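Notes follow the structure.
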Amino acid sequence: MPTVAVVVDTPQHSTVRGPLSYAADEALPAGALVQVPLGRRTVCGIVWPAGAEEEPGVELKPVAGVLRSLPPLPASWCRLVEFAAGYYQRSVGEVAHAALPAELRKLDDAQLAQRLKKLAKLAPAGGPAPQLPELTEEQVRALEALAQGGAPTALLHGSTGSGKTEVYLRAVAQALQAGRQALVLVPEINLTPQLEARFAERFPDRLIVSLHSGLTPAQRLRHWLAAHLGRADIVLGTRMAVFASLPRLGLVVVDEEHDPSYKSQEGARYSARDLAVYRGKLEGATVLLGSATPSLESWYQAQRGRYLKLSMPTRIGGGALPRVRLVDMNHVPKEAAFSHALSPPLMEALQQRLARGEQSLVLLNRRGYAPVLQCLECAWKSGCPHCSAWRVFHRSDRTLRCHHCGYTERVPRACPECGNPDIQPLGRGTERLEEQLAVSLPGARVARIDADTTRLKGTLESQLASVHAGEVDVLVGTQMVAKGHDFRRVTLVAAVNPDAALFSSDFRAGERLFALLMQAAGRAGRDAAQAGRSEMLIQTWHPTHPLYAALRAHDYEAFAAETLGEREMAGLPPHAHLALLRAEARTQEAAQAWLQDAARVADELGAAAAGVTLYPPVPMSIARVANVERAQMLLEAASRPALQRLLSAWLPELHGLRGAHKGLLRWAIDVDPLAI
DNA sequence: AGCACGCCGACT
DNA sequence: GTCGGCGTGCTC
C-alpha cells in the first residue's frame with residue numbers, strides 16, 4: 001500500500017513539525033487536497049512532495065478522502081510555502097493552510113465540484129477597446145529594460161506622478177501576451193478598487209480577480225479557484241495574495257514596495273515583498289517593485305546590481321513637485337507654537353488657499369482629540385488600567401479610549417483621584433486640530449479623514465468624493481490620506497508635527513517619515529496649471545535635520561545614501577540581519593526569564609561563534625497590553641545564512657523550554673522585524 | 001489549535 | 001458519591 005506525506009494545519013507550538021505519513025490505496029499526486037484522520041477528528045491536508053519521511057513504525061491510518069475535482073497545487077507553490085515556513089520559522093502546515101481559502105477546507109469533493117461548475121459564470125468585465133496613452137521616454141526606457149532582462153527582479157524608482165501605474169499596465173500586457181498570468185500586489189485593501197477599475201478598463205476581455213481579507217469566504221474561494229485553474233489572467237491583492245496558486249505566473253508587481261503593510265504582523269510574520277522576489281526566481285517570473293521612496297533594502301539591492309534599477313524622475317505633464325518650506329518653530333512666538341500648533345506662516349498659507357478657492361491638506365499622525373487627559377490639581381493622567389499607555393480623549397463621543405486594548409470609558413466629569421473638576425486635554429490629535437482650524441479659519445469648510453471617521457464601510461469613498469467635488473477647503477487627516485489618493489485641487493500640504501519620528505527609538509522611523517512626507521508632497525500640484533503655486537509646509541523644531549534637507553530637494557537618493565551610511569555604522573539592515581524573539585507572560589519577570597533561558601540555549605548552540613549576537617531581553621516599548629506583559633530579545637548577524645542556521649537549530653529547542661516557565665503565555669519569532 | 005485524559009471542590 | 005474546573009500532552 002503506498003504511503004503519502006500529508007501536511008496538516010498544526011500551529012507553531014505543536015510538536016508536529018513536518019508532514020505526517022498516511023496509507024493510501026493509490027498513489028496520490030503531490031499538491032492534492034485530502035481529508036485525513038488526526039487524533040479523534042478528520043482534517044484537511046495537502047499531499048506533500050516526498051519528504052523521504054522515516055517510517056514511524058506503527059501502522060499508518062488511511063487517507064479518508066481525496067478532493068479529486070481540484071487540480072493539485074503546483075510544485076512551485078509547495079516550494080514557496082516550504083521556503084516561507086523555513087525562513088520565518090513556522091510549520092509548513094500552518095503556512096500552507098493559511099495560504100488556502102478557509103472555505104476550501106470545509107468542502108468535500110461533491111461540494112467542490114459544485115463550486116467549480118459555478119465558476120464558469122466568472123467572465124471578463126467587457127467594454128470598449130482601451131485608448132492607450134502615449135508613453136513618456138522614461139516609461140519606454142523602463143519597459144525596454146524590463147523586457148530585455150530575462151525575468152529580472154527590477155526596482156522601479158519613479159516620482160509620484162511619473163506614471164508608474166502605466167508601466168505596470170504595459171508590463172502586465174506583455175506577460176498576458178506571452179500567455180502568462182500577472183500578480184499585482186498593493187499594500188492596502190483601500191487601494192484595490194481604484195486599481196481594479198483601472199485594470200478592468202485596460203483589459204476588458206481578460207478575467208481579473210482580487211484576493212484580500214475584505215472578501216466574503218465564498219468570494220475568496222471563487223477568486224482563488226479562478227487563479228488556481230488559470231482562468232483568471234490578472235490577480236490583484238494584498239500581501240496574502242503572494243501565496244495565490246498561479247499555474248502560469250509570468251509577472252509579479254509590488255506597488256509601493258516600501259509600505260510596511262507588506263510585512264505580516266501576526267501568524268507567520270512574512271514579508272510579501274520579499275516572498276514575491278523569491279517566488280519570481282522560483283518560477284522564472286519577472287518581479288517589478290515600484291515606489292517613489294523605495295525601502296532601503298530594495299534600494300541597496302539595486303545599488304549593488306542585484307536588482308535591475310529603473311528610474312523615472314520626471315512628473316508627467318511637466319507638473320513640478322511642490323516647493324517644500326520649513327517653518328522653524330523655534331522662531332515662532334511661544335504662545336502660538338505651544339498652544340495652537342498652527343504657526344503664523346501656516347495660517348497665512350492656509351488663508352491664501354482659501355482666498356484662491358484651492359484646497360489644503362493638513363497632516364497629523366495622531367487620532368483623537370488629545371493623546372492624554374490630565375488633572376490640574378493632582379498628578380492624575382488618563383492611563384489605561386490594562387496597558388502601559390495613555391488612553392486617548394475622543395471628544396466626539398466623550399470617551400477615553402485605549403488604542404492598544406480597546407478599553408473605552410466615558411470621560412469622567414472630575415478627576416477620579418482627587419475630585420477636581422478641572423481636567424484638561426494635553427497635546428493634540430486630528431479632532432482637536434480640526435476644531436482649531438475651524439475656529440481659526442471662519443467660513444472655511446474643514447473636514448477630517450482618519451480611522452475614526454472611516455470606520456463604517458464606504459465612508460472613506462464618500463468622504464474622498466466630497467473632497468474631489470470641491471466641498472472641502474481644508475482636509476485634516478492621518479497618514480491614511482497621504483496614501484495613493486490623488487487630490488487634484490490641493491495646492492498646500494502641511495505637516496503639523498512630524499518631528500517625533502526623527503528621534504524615535506525605532507531605527508526605521510526616519511525612513512517611514514521621509515516616505516510619508518514625499519508621498520504627501522506628491523498629493524499636491526498634480527495639476528500642472530497649479531503646480532507652480534503648490535507647496536508643502538513642515539513645522540519643525542529641527543529645521544537643520546538632514547532628512548528635511550533631502551526632502552526640500554526632493555532628493556530620495558541623498559536621503560538613502562545618508563541613511564544607508566548610518567545603518568552600516570550601526571550594524572542595522574540592510575547591512576545586517578535581525579530577528580526578534582518575543583515573549584508574553586503574566587509578569588515582566590516571567591517573560592524576561594524565559595528569554596534569558598532561550599538565550600542560554602542559543603549560547604550553547606554556539607551563537608557567538610556563528611557570528612550571531614544576542615542582545616539582552618528588554619521590555620517592549622509598551623510593556624503591558626491588555627494585562628499581558630511583553631518582552632523581547634534582539635538577534636543580529638552580518639550573515640543571513642548564519643542567522644537562519646542558528647534559528648533552525650534553536651527554535652525546536654525552544655518548544656521544549658515551555659514547561660519550566662510558569663506564567664509564560666505565548667512566544668513568537670519575528671524574522672526581519674520592521675520595528676525593534 | 002482541538003480534544004483528550006486527569007486529578008481536586010460544590011451539587012443532585 | 002458525580003459534574004466539571006482547566007492544567008499537561010498528543011495527534012501519522
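Just so you know, these numbers use all the heavy atoms, side chains as well, and skip hydrogens, waters and symmetry mates. None of these values were measured; they are calculated from a predicted model. So you know, we letter chains A, B, ... as the sequences are listed, proteins then strands, and number each from 1.
What separates CD of A:Gln35 from C1' of C:dT11 is a distance of 17 Å, to the nearest Å. Here B:dG2 presents its C1' atom at 4 Å from CZ of A:Arg41, a figure rounded to the nearest Å. If you measure from atom CD1 of A:Ile46 to atom C1' of C:dC12, you get 16 Å, rounded to the nearest angstrom. Between A:Lys61 atom NZ and C:dC10 atom P the separation is 15 Å, expressed in whole Å. As rounded to whole Å, 13 Å separates atom P of C:dT8 from atom CG of A:Leu665. The CG atom of A:Leu20 sits 7 Å away from the P atom of C:dC12 (whole-angstrom rounding). Spacing between atom CG of A:Asp9 and atom P of C:dC12 amounts to 15 Å, rounded to whole angstrom units. Atom P of nucleotide C:dG7 and atom CG of A:Leu664 are separated by 15 Å, given to the nearest angstrom.
Judged by distance alone, the side chains of A:Trp48 and A:Glu82 do bring a donor and an acceptor atom under 3.5 Å apart. If you check the side chains of A:His228 and A:Ser245, you find a donor sitting under 3.5 Å from an acceptor.
Taking the ring-ring contact (aromatic ring centres under 6.0 Å, His included) definition, one finds that A:His403 meets it with A:His394, sequence neighbours left out. Among residues two or more places apart in sequence or in another chain, the side chain to side chain donor-acceptor pair (under 3.5 Å) test is passed with A:Asp397 by A:Thr399, A:Arg401.
Of the candidates C:dC12, B:dA4, B:dG2, B:dA4 carries the atom nearest the A:Arg40 side chain, counting heavy atoms from C-beta on.
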